[in-house]
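Following: one structure in C-alpha cells, then a few remarks.
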Amino acid sequence: MMQEPDALSPSELIAARRAKLSHLRTELGVDPYGQRVDGRATLAVARGQFDEGAHVAHAAAVAAAKVDPAAPIVDTRAKTRVAGRVVQHRDMGKIVFVGLRDASGDLQISMSKSEMSPTAFAVAKGLDYGDIVAVDGRIGRTQKGEVCVWATDLSMQSKNLEPPPSKWHGLEDAELRYRRRYVDMFANPQTVRTFEARSHIVSTIRRFMEARGYLEVETPMMHPVAGGAAARPFTTMHNALGMPLFLRVAPELYLKKLLVGGLSKVFEINRNFRNEGIDRSHNPEFTAMEAYEAFGDYGTMLELVESLVHHCACAALSHQWNARAEDGPILAFGEMRIDYRRPFEQVQFATLFERGVGCSMHDQEKVRAAATANHIAHAATSDHWLLVNELFERCAEALIDPLRPTFVLDYPSATSPLTRPSRANPDLAERWDLFIGGMEIGPAYTELNDPDVQLAKFTDQLRGADEEMSTFRTLDEDFIAALRTGMPPAGGMGIGIDRIVMLLTDSPSIRDVILFPLMRPEGTSDVPA
RNA sequence: GAUUGCGUAGCUCAGCUGGUAGAGCAAGUGGCUUUUAACCUCUAGGUCCUGGGUUCGAUCCCCAGCGCAAUCACCA
C-alpha cells in the first residue's frame, strides 16, 4: 500500500481506492471527478443502436485488411457516447470488459489496448466496481454475441471510495438497503424499477383525477390544531411566533374549507405524519390522496375509487410494473393473485359483523357477551359501539377475501365523528372502507355539513379522550366556523398511495416503496469516550 | 410500547459441548486481445454489534444495552 489509510475509515479496501485516486491524479494526470458530458445516450438507447449488418461488414473489413493491409476499413457501426456506473470489471490483459449500469439498464463496454490512448486504457484497467465513467465508441458485439460499446475513449467521472456490496448477491441486508438507498439502487436494479413505477402510478392517479375535473391543491402541513383523523400527531414549534404546531395527520379539514369557498372537486396528494408504530404497512410519514366532491356522497366516491384503482391496475399491467402480471387485471402480491376486475366486492359492515361474530351488532347483550368471550378490555363497561368496532376488527375483517378488492359499507356512526349518519338508519354512518390484499387502502364518507351536529360530535369525542389524547386534541373552532358559513353536502375519500404502490409493484413492505424510510440512527450508542 | 428471532471480513454466508475463526465474491500482486458470477498464481483482510458477568479461558453460556426483522398493540 503506497498511501496511508483513510483516517476516518481504516479499512484497507478504502485505502486501496484512495491510492488509485491519487494515482489517477499524479501518474495519469486525470481528474477523477470529471466534467460535463454532452451528447450522452442512455445505455438502453445505445443498445438499441446496434446493427448486425454494420457489425458483420466491419468484421469482414477488418479480416480483409489483415490479408491486404491496403484494403480500406469502412466502419458503419453507430457512434455513441454513454456514461454509467461500473458493475463488472474483467481485465483480460490487452482487452478489458466493463459492465456499465444506468437507470435504463446495463451495457458492456469492450476496450482493446490497440484502439485507445495509453492513458485511457490505463484508466480502464484500474477501474473499480462502483466507479462512474463516460465512454466514446461504436456499438458492436463480441464474438460471444454480447452487444457492447467498442470504446475509443474512456474518461473517469467519479471515483467510488466506499467498498460496494457483492456484485452477484447485490445488497440483501434490508437495513442497509434502506439506510443506504443509493447503494441499493445500483446494486439491485429492481429497486430503481419499483420507484420508477411509483412515480408512474402517482402520475397516473393525478391524470385520472384531473381528467375527471378535480383540481389539485396543496394545503398546510403544519397545523395549529391537529384534526381530520384519530391519530397522534408530531409536535413542533414556530420560534418567531412562539407557536406550537402539529404536523398534519390529515388534510381533511382544510380541503373541506375549500368546498365552503366554492371549489367543487378538489384533491391533494401529499404527506401525512402520524406518531404511531412502524410495521410492514406503516411509516411515520406516508403519502395519501384525499379527494372531495361537492354535492356528492360516499356512493360517488365508491365509483371514483373503484374506477381509479381498476385504472391503475390496468396501467400496471400494460407498463409491466409487476413482472408476474397475468392476463386481465390480475396482479401478483406475494403469494396472492389479486383480481382487480370490476365490479369490486361490496359487503355491509353489519353483514360481515354477523358472519364473523355470530350475532347482530345491534344486540347489545350478545355483543357484550361476545366481547367478554374474546377478552376485549373493559368488555363489561365499554360503550356498545366501541365493542362492536373492536369485535369487527378482531373477528370480521379477516373474512374479507384478500384476492378481491372489497368495499365494506355503512360503519357504526358512533366511531365516525366526521361522517353524516345514514338517512335510513342513524346508528350507521355513510362510510365505506376499501380492503385489498388484506390491507386497508382507505375510507370514504358522506361528509357531515351541519355545524351544530359536528360541534356536538367533536365535543363528545373530546369528553371521551384520555389525558394524553386531550393534550393535542382540541376543538377546531376555525373548522366549525367554516361549516357555519355553509358547506355543500359532499363525498370525501382518502387512500394510501404507498399501499397502492405496494400492491401494484408486488412489494411486501411499505419500506420498499418509500425511498428513504424512517430509521433509528445507528452507531450513536452511549459508548463512553 | 410488548413478545420472539437475528447481528461473524466490504458483500453473501459457514463455524465453534466454551480453547480468540473459514469459504465464495470484492481487494492487492503477477499472467492473459473476445470475457459473461471470466480464469489461473500468490497475498492481505476480523473489537465474531456494544458493555458487564460466569469461567483458567467467551464469538459461543447469563444479564443489560443498541440496531434490524417478524408478530401484536396504536393506526391508515
Side-chain angles (χ1 to χ4, degrees), chain A residues 1-2 5 9-17 19-20 59 87-99 106 108-116 121 125-126 128-130 140-146 148 150 160-180 183 187-188 228-233 249-250 272-290 377 390 393-394 433-435 439-443 468-469 494-500 508-511 517 519-528:
Chain A
M1 221 56 57
M2 298 306 289
S9 309
S11 161
E12 67 166 23
L13 295 169
I14 293 169
R17 282 159 190 258
K20 283 189 180 179
V87 293
Q88 288 174 319
H89 184 240
R90 289 188 281 272
D91 179 353
M92 312 287 295
K94 294 191 180 65
I95 189 165
V96 178
F97 300 103
V98 162
D106 290 5
Q108 179 172 295
I109 311 299
S110 304
M111 287 167 284
S112 171
K113 185 178 185 182
S114 59
E115 290 174 24
M116 301 174 75
F121 193 69
K125 283 181 82 77
D128 283 318
Y129 179 32
R141 63 168 170 82
T142 64
Q143 287 176 0
K144 295 287 175 67
E146 180 78 31
C148 65
W150 283 102
N160 177 304
L161 297 173
E162 284 287 322
S166 156
K167 68 183 181 186
W168 179 243
H169 293 96
L171 191 62
E172 293 189 345
D173 184 88
E175 179 175 356
L176 287 178
R177 289 185 48 223
Y178 304 142
R179 285 192 195 281
R180 303 208 293 170
V183 176
N188 302 316
R232 288 174 172 74
V249 294
N272 292 335
F273 307 86
R274 298 192 181 176
N275 211 336
E276 310 281 356
I278 296 174
D279 64 29
R280 206 200 289 222
S281 58
H282 296 81
N283 194 63
E285 56 177 306
F286 65 101
T287 302
M289 174 168 80
E290 288 198 10
E390 286 276 326
E393 287 178 6
R394 192 167 304 196
D433 265 33
L434 174 61
F435 293 83
M439 283 192 295
E440 188 181 356
I441 299 305
E468 190 203 349
M469 287 301 233
I495 56 174
I497 299 296
D498 310 281
R499 290 180 178 179
I500 296 275
S509 167
I510 199 168
R511 294 184 151 197
M519 303 291 281
R520 284 189 162 94
E522 60 172 350
T524 53
S525 55
D526 49 342
V527 179

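Naming convention: chains lettered A, B, ... in sequence-line order (proteins, then strands); numbering from 1 in each chain.
- In this structure B:U12 sits in a base pair with B:A23, meeting the Watson-Crick or G-U test at under 3.5 Å.
- Taking atom P in both B:G52 and B:U59, the straight-line distance is 12 Å, to the nearest Å.
- For the pair A:Lys113 and B:U33, the criterion of a side-chain N or O lying under 4.0 Å from OP1 or OP2 is not met.
- Within 4.0 Å of A:Arg499, counting heavy atoms only, lies at least one base atom of the nucleic acid.
- Among the protein residues, A:Met519 comes within range of the sugar-phosphate backbone only, with heavy atoms under 4.0 Å from sugar or phosphate atoms but none that close to a base.
- Under the Watson-Crick or G-U wobble criterion, with both distances below 3.5 Å, B:C75 is left unpaired in every strand shown.
- Distance A:Phe97 CZ to B:C32 P: 15 Å, rounded to the nearest Å.
- Across B:G67 and B:C25, the matching P atoms stand 36 Å from one another, rounded to whole Å.
- The separation of B:C13 from B:C42, taken at their C1' atoms, amounts to 25 Å, rounded to a whole angstrom.
- For A:Lys20 (side chain) and A:Gly126 (main-chain N/O), a donor-acceptor pair under 3.5 Å exists by modelled atom type.
- Put simply, CE on A:Met439 and CZ on A:Arg499 are 6.5 Å apart, with the number rounded to the nearest 0.5 Å.
- A:Arg274 contributes a side-chain N or O that, together with a main-chain N or O of A:Val249, makes up a donor-acceptor pair within less than 3.5 Å.
- Atoms CD and CH2, on A:Gln88 and A:Trp168 in that order, are 9.5 Å from each other to the nearest 0.5 Å.
- Of the possible donor and acceptor atoms, one in the side chain of A:Asn188 sits under 3.5 Å from a partner among the backbone N and O of A:Leu171.
- Using a 4.0 Å heavy-atom distance criterion, A:Gly496 is classed as making no nucleic acid contact.
- As rounded to the nearest Å, B:G53 and B:A70 have P atoms that lie 35 Å from one another.
- Atom CG in A:Asp128 sits 12.5 Å away from atom CD in A:Glu162 (nearest 0.5 Å).
- Distance check on atom C1': B:C62 versus B:U54 gives 7 Å, rounded to whole Å.
- Base-pair partner of B:C61: B:G53 (Watson-Crick or G-U wobble, both distances under 3.5 Å).
- Residue-level contact check: A:Asn275 touches neither bases nor backbone, having no heavy atom under 4.0 Å from any strand.
- Separation of atoms OG (A:Ser166) and CD (A:Glu172) is listed at 8.0 Å; rounding is to 0.5 Å.
- Residue A:Ser110 places no side-chain atom within donor-acceptor reach of the base of B:U34, judged by atom type and a 3.5 Å distance cut-off alone.
- Separating the P atom of B:U20 from that of B:C72 is a span of 44 Å, rounded to the nearest Å.
- Regarding A:Asp91, its CG atom lies at a distance of 11 Å from the P atom of B:A27, rounded to whole Å.
- For the pair A:Ile510/A:His282, no side-chain contact is recorded, criterion being any heavy-atom separation below 4.5 Å from C-beta on.
- In the set B:U34, B:A27, B:U35, B:U34 carries the atom at the smallest distance from any side-chain atom of A:Ile95.
- Between B:C6 and B:A44, the two C1' atoms lie 30 Å apart (nearest whole Å).
- B:C68: Watson-Crick or G-U partner is B:G5, with both key distances under 3.5 Å.
- Across all strands shown, A:Ser114 has heavy atoms under 4.0 Å from base atoms, whether or not it also approaches the sugar-phosphate.
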Using atom names, set out every protein N or O paired with an N or O of nucleotides 6-13 of chain B below 3.5 Å, distance rounded to 0.1 Å.
{"from": "B:G10", "atom 1": "O2'", "to": "A:Pro163", "atom 2": "O", "distance (Å)": "3.2"}
{"from": "B:C11", "atom 1": "O2'", "to": "A:Ser166", "atom 2": "N", "distance (Å)": "3.0"}
{"from": "B:C11", "atom 1": "O2'", "to": "A:Gly170", "atom 2": "O", "distance (Å)": "3.2"}
{"from": "B:U12", "atom 1": "OP1", "to": "A:Glu172", "atom 2": "N", "distance (Å)": "3.2"}
{"from": "B:U12", "atom 1": "OP1", "to": "A:Asp173", "atom 2": "N", "distance (Å)": "2.9"}
{"from": "B:U12", "atom 1": "O3'", "to": "A:Glu172", "atom 2": "OE1", "distance (Å)": "3.0"}
{"from": "B:U12", "atom 1": "O2'", "to": "A:His169", "atom 2": "NE2", "distance (Å)": "3.4"}
{"from": "B:C13", "atom 1": "OP1", "to": "A:Glu172", "atom 2": "OE1", "distance (Å)": "3.4"}

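- Between A:Arg179 and B:G67, a side-chain N or O to OP1/OP2 separation shorter than 4.0 Å is absent.
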Using the 3.5 Å cut-off, write out each protein N or O paired with an N or O of nucleotides 47-49 of chain B and the distance between them.
none

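- A:Tyr129 comes within 4.0 angstrom of no nucleic acid atom, judged by non-hydrogen atoms across all strands.
- Residue order along RNA chain B, read from the 5' end via each residue's closest nucleotide, puts A:Gly93 first among A:Pro508 and A:Gly93.
- Rounding to the nearest 0.5 angstrom, the gap separating the NZ atom in A:Lys125 from the CG atom in A:Asp91 is 3.5 Å.
- The phosphate of B:C68 has OP1 or OP2 within less than 4.0 Å of a side-chain N or O from A:Arg520.
- Distance, A:Trp150 CH2 to B:U33 P: 13 Å, rounded to whole Å.
- Listed nucleotides B:U33, B:C68, B:C74 differ in distance to A:His282; the shortest reach to its side chain belongs to B:C74.
- Spacing between atom CG of A:Asn188 and atom P of B:A37 amounts to 17 Å, rounded to whole angstrom units.
- Listed pair A:Arg274 / B:C75 fails the phosphate criterion, with no side-chain N or O lying under 4.0 Å from OP1 or OP2.
- Scanning atom types as modelled, one donor and one acceptor separated by under 3.5 angstrom connect the side chain of A:Thr142 and the base of B:U36.
- Across B:A27, B:A37, B:A76, the shortest atom-to-atom separation from the side chain of A:Arg17 is found for B:A27.
- In this structure, A:Asp106 reaches neither bases nor backbone, as no heavy-atom distance under 4.0 Å exists between it and the strands shown.
- Residue contacts shown for A:Arg511 are limited to sugar-phosphate atoms, with no base heavy atom under 4.0 Å away.
- At the heavy-atom level, A:Phe286 lies under 4.0 Å from base atoms of the strands shown.
- With a cut-off of 3.5 Å on both Watson-Crick or G-U wobble distances, the partner of B:U47 is given as none.
- Heavy-atom neighbours of A:Lys113 NZ from other residues, nucleotides or ligands within 6.0 Å: at or below the threshold of 12.
- You'll find a donor-acceptor pair under 3.5 Å spanning the side chain of A:Gln108 and the base of B:U35, going by distance alone.
- Atom CD1 of A:Ile109 and atom C1' of B:U33 are 17 Å apart (whole Å).
- B:A76 and B:U3 have their P atoms separated by 26 Å, with the value rounded to a whole Å.
- Atom-to-atom distance recorded for A:Asn272:CG and A:Met289:CE is 12.5 Å, nearest 0.5 angstrom.
- Rounded to a whole Å, the CD1 atom of A:Ile278 is 14 Å from the P atom of B:U71.
- Under a 3.5 Å cut-off, the side chain of A:Trp150 and the backbone N or O of A:Met111 do not form any donor-acceptor pair.
- Heavy-atom distances to RNA chain B give each of A:Glu285 and A:Asp128 a nearest nucleotide, and the one nearer the 5′ end belongs to A:Asp128.
- There is a side-chain donor-acceptor pair under 3.5 Å between A:Arg17 and A:Asn160.
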